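Structure provided below as structure tokens; questions to follow.
All values reported here derive from a predicted model rather than from experimental measurement.
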Amino acid sequence: TTGTTGAINTVGMMTSPDPQVNARRIYITGVNGTDGAVAYLVTTVNDNTTINYGDATNKAITAVPTGTTLEYFANHEAPQASVVGVFRDGTFLGGNSLFPTRLYRSAIGYPTRYDPISLYLDLDLDSGDPITHMIRTNNYLLVSMRDGTARVYNTGDSNAPFGFDFLPIKHGAVGAQAASYAESTIFYMADDDCFQTDGQNEQNISSPDNPLYPSIQYTMREGLNDSLKDLVSVAVYHPRNQVWFCCASSNATSNDIVLVYDSAQGIWTRFTLPIDCVVQAENDADASRLIGSVNGYVSILDTGSFDGV
């Protein structure tokens, strides 16, 4: 509303139906401002309930611009996706049902700004297997499909800032949680075997070429439920030089076993543990702990004396 001198007394504000919204901002333009004119931030209302901003005594609002201007841009909703990654100040989305090998991205520096018409890379493999997993290394974003892995990199070209090539392998991580990064090595589960890679070369760790190292080839190819491999969860556990592969055995309806790989000795151990999701995290003392989702509970793993949990 305006006062007798044309000053603004109150500003009507809409509330948002989005439960994540917890603040709104008021901007002001110069006299006769049009769409796209420079608008200055006046204030931030730190709630999603206020519907009128102003003084209770109907005193005119004193607009003191903060110096922050409103940036206008055409924005689209984020494309539908099942896999999300972050790389070089951008958000990458994959696993779209209509374009399964298309890797969408946000504008650089704006992780919520999308233009699905132009901001994407087509990682087009012959079979059209969908993007299943993304993991970031120091210099690359590795994007898995079950029949191959693409390596996305920064080109330095402002017009086409990202490019990609394919690693010389014919497989990739089977699911969104099926790989874990440790320093310079990625461990992941593919359709038939488990691998470690530095982003260029890889080594089969479940069916090793060296006969001195044990093989779990039969378990990988006959003992797991293939229809649930997209639920595999992998975590590197530094204190014990271990990699945990949580998966479903052949007759299970959810993850019920853990295949633990000792990366220092090259040996495997199998545990019967119903871990849906596993991750390494640090506590307040910066000590690494293994955290898992077990039967609907968030649990600290590898503690006590009960076979690893």
Q. Does Gln217 offer a backbone N or O that forms a donor-acceptor pair with the side chain of Ser215 under 3.5 Å?
A. yes
Q: Kindly check if the number of other-residue, nucleotide or ligand heavy atoms within 6.0 Å of CG (Asn251) is above 12?
A: no
Q: Before giving the answer on side-chain contact (heavy atoms from CB on, under 4.5 Å), spell out for Phe162 and Ile108 the whole-Å C-alpha distance, their side-chain angles and the decisive distance to 0.1 Å.
A: CA-CA 10 Å; Phe162 296 103; Ile108 297 175; 4.0 Å; yes
Q. Can you tell me how far the OG atom of Ser207 sits from the CD1 atom of Ile216, to the nearest 0.5 Å?
A. 7.5 Å
Q | Note, Asn52 side chain near Met13 side chain (heavy atom, < 4.5 Å) | A | no
**Q.** Any side-chain heavy-atom pair of Leu119 and Arg113 under 4.5 Å
**A.** no
Q. Does the side chain of Phe92 come within less than 4.5 Å of Val84's, by heavy atoms?
A. no
Q. Is there a side-chain contact (heavy atoms from CB on, under 4.5 Å) between Leu123 and Val143 once you walk through the steps?
A. CA-CA 9 Å; Leu123 314 180; Val143 183; 3.7 Å; yes
Q) Looking at CD1 of Ile186 and CZ of Arg136, how far apart are the two atoms once the value is rounded to the nearest 0.5 Å? A) 11.0 Å
Q | Name of the residue among Asp193, Asp192, Asp191 meeting side chain to side chain donor-acceptor pair (under 3.5 Å) with Arg221 | A | Asp193
Q: Please report the closest heavy-atom contact between Val236 and Ser180, naming both atoms and the distance.
A: N-OG, 3.2 Å
Q: Give the ring-plane orientation class for Trp244 versus Phe271, where under 30° counts as parallel, over 60° as perpendicular and anything between as tilted.
A: parallel
Q. Would you say Thr269 and Leu259 make side-chain contact, with heavy atoms under 4.5 Å?
A. no
Q. Do Met189 and Cys247 have side chains that get closer than 4.5 Å, going by heavy atoms?
A. yes
Q) Would you say Thr155's side chain and Asp157's backbone share a donor-acceptor pair under 3.5 angstrom? A) yes
Q) Val83 and Thr132: which non-hydrogen atoms are nearest, and at how many Å? A) CG2-O, 3.5 Å
Q) Checking side-chain hydrogen bond (donor to acceptor under 3.5 Å, both in side chains) for the pair Ser227/Asn225: CA distance, chi angles, key distance, verdict? A) CA-CA 6 Å; Ser227 67; Asn225 188 332; 2.6 Å; yes
Q. If you look only at pairs with a residue in residues 158-167, which of them pass as a salt bridge (Lys or Arg N to Asp or Glu O under 4.0 Å), with sequence neighbours excluded?
A. Arg151-Asp165
Q) Does Thr185 reach the main-chain N or O of Asp198 with its side chain, forming a donor-acceptor pair under 3.5 Å? A) no
(Q) Keeping Asn255 on the side-chain end and Cys277 on the backbone end, is there a donor-acceptor pair under 3.5 Å? (A) no
Q) Is Thr44 reaching over with its side chain to a backbone N or O of Asn46, donor-acceptor style, under 3.5 angstrom? A) no
Q) What are the two closest heavy atoms between Tyr213 and Gly266, and how far apart are they? A) CD2-O, 3.6 Å
Q.
Assigning hydrophobic clusters by single linkage (Ile, Leu, Val, Met, Phe, Trp, Tyr; side-chain heavy-atom cutoff under 4.5 Å), is Tyr218 placed with Ile257?
A. no
Q: Check the surroundings of atom CZ in Arg25: do more than 12 heavy atoms from other residues, nucleotides or ligands lie under 6.0 Å from it?
A: no
Q.
Donor-acceptor pair, distance only, cut-off 3.5 Å: does the side chain of Asn96 make one with the backbone of Gln80?
A. yes
Q. Could you walk me through whether Lys170 and Asp147 pass the salt bridge (charged side-chain N to carboxylate O under 4.0 Å, His left out) check?
A. CA-CA 5 Å; Lys170 299 298 183 182; Asp147 60 346; over 6 Å; no
(Q) Show the nearest heavy-atom pair for residues Leu228 and Ala252, with the distance to one decimal. (A) CD1-O, 3.6 Å
Q. Roughly how far, to the nearest 0.5 Å, is CZ of Phe245 from CE of Met220?
A. 8.0 Å
Q: First locate atom CH2 of Trp268, then atom OG1 of Thr219, and finally report the distance between them rounded to the nearest 0.5 Å.
A: 9.5 Å
Q.
For residues Val243 and Leu231: do they belong to one hydrophobic cluster (side chain heavy atoms under 4.5 Å, members Ile, Leu, Val, Met, Phe, Trp, Tyr)?
A. no
Q: Classify the angle between the aromatic ring planes of His171 and Phe195 as parallel (below 30°), tilted (30 to 60°) or perpendicular (above 60°).
A: parallel
Q. Rounded to the nearest 0.5 Å, how far apart are OG1 of Thr43 and CG of Leu41?
A. 7.0 Å
Q: Heavy atoms only: give me the nearest Thr197-Tyr188 pair and the separation to one decimal.
A: CG2-CE2, 3.9 Å
Q. OG of Ser233 to CD1 of Ile275: how many Å apart, nearest 0.5 Å?
A. 8.5 Å
Q. Does the separation of the ring centres of Tyr120 and Phe99 fall below 6.0 angstrom?
A. no
Q. Do Met145 and Phe164 share a hydrophobic cluster, counting only Ile, Leu, Val, Met, Phe, Trp and Tyr and linking them when any side-chain heavy atoms are less than 4.5 Å apart?
A. yes
**Q.** Heavy-atom donor-acceptor pair, Asn48 side chain to Thr15 backbone, under 3.5 Å
**A.** no
Q: Sequence neighbours left out, what pairs pass side chain to side chain donor-acceptor pair (under 3.5 Å) with at least one residue falling in residues 275-294?
A: His238-Gln280
Q.
If you define the side chain from C-beta out and look only at heavy atoms, does anything of Arg24 sit under 4.5 Å from Asp47?
A. yes
Q | Residue pairs, two or more places apart or on separate chains, that pass salt bridge (Lys or Arg N to Asp or Glu O under 4.0 Å) and touch residues 81-105 | A | Arg102-Asp122
(Q) Between Asp230 and Val174, is the side-chain contact (heavy atoms from CB on, under 4.5 Å) condition met? List the steps. (A) CA-CA 5 Å; Asp230 60 332; Val174 291; 5.9 Å; no
Q) Does Ile300 belong to the same Ile/Leu/Val/Met/Phe/Trp/Tyr cluster as Val298, with side-chain heavy atoms less than 4.5 Å apart forming each link? A) yes
Q: Give a yes or no on whether the backbone of Pro130 and the side-chain of Thr101 come within a donor-acceptor separation of less than 3.5 Å.
A: no
Q | Side chain proximity check, Phe166 to Thr149, heavy atoms < 4.5 angstrom | A | no
Q) Which heavy atom in Ser263 sits nearest to a heavy atom in Phe187, and how many Å separate them? A) CB-CZ, 4.3 Å
Q. What do the steps show when you test Tyr237 against Val260 for side-chain contact (heavy atoms from CB on, under 4.5 Å), and what is the final call?
A. CA-CA 10 Å; Tyr237 186 36; Val260 178; over 6 Å; no
Q) Any link between Ile169 and Tyr153 through a network of hydrophobic side chains (Ile, Leu, Val, Met, Phe, Trp, Tyr) touching at under 4.5 Å? A) yes
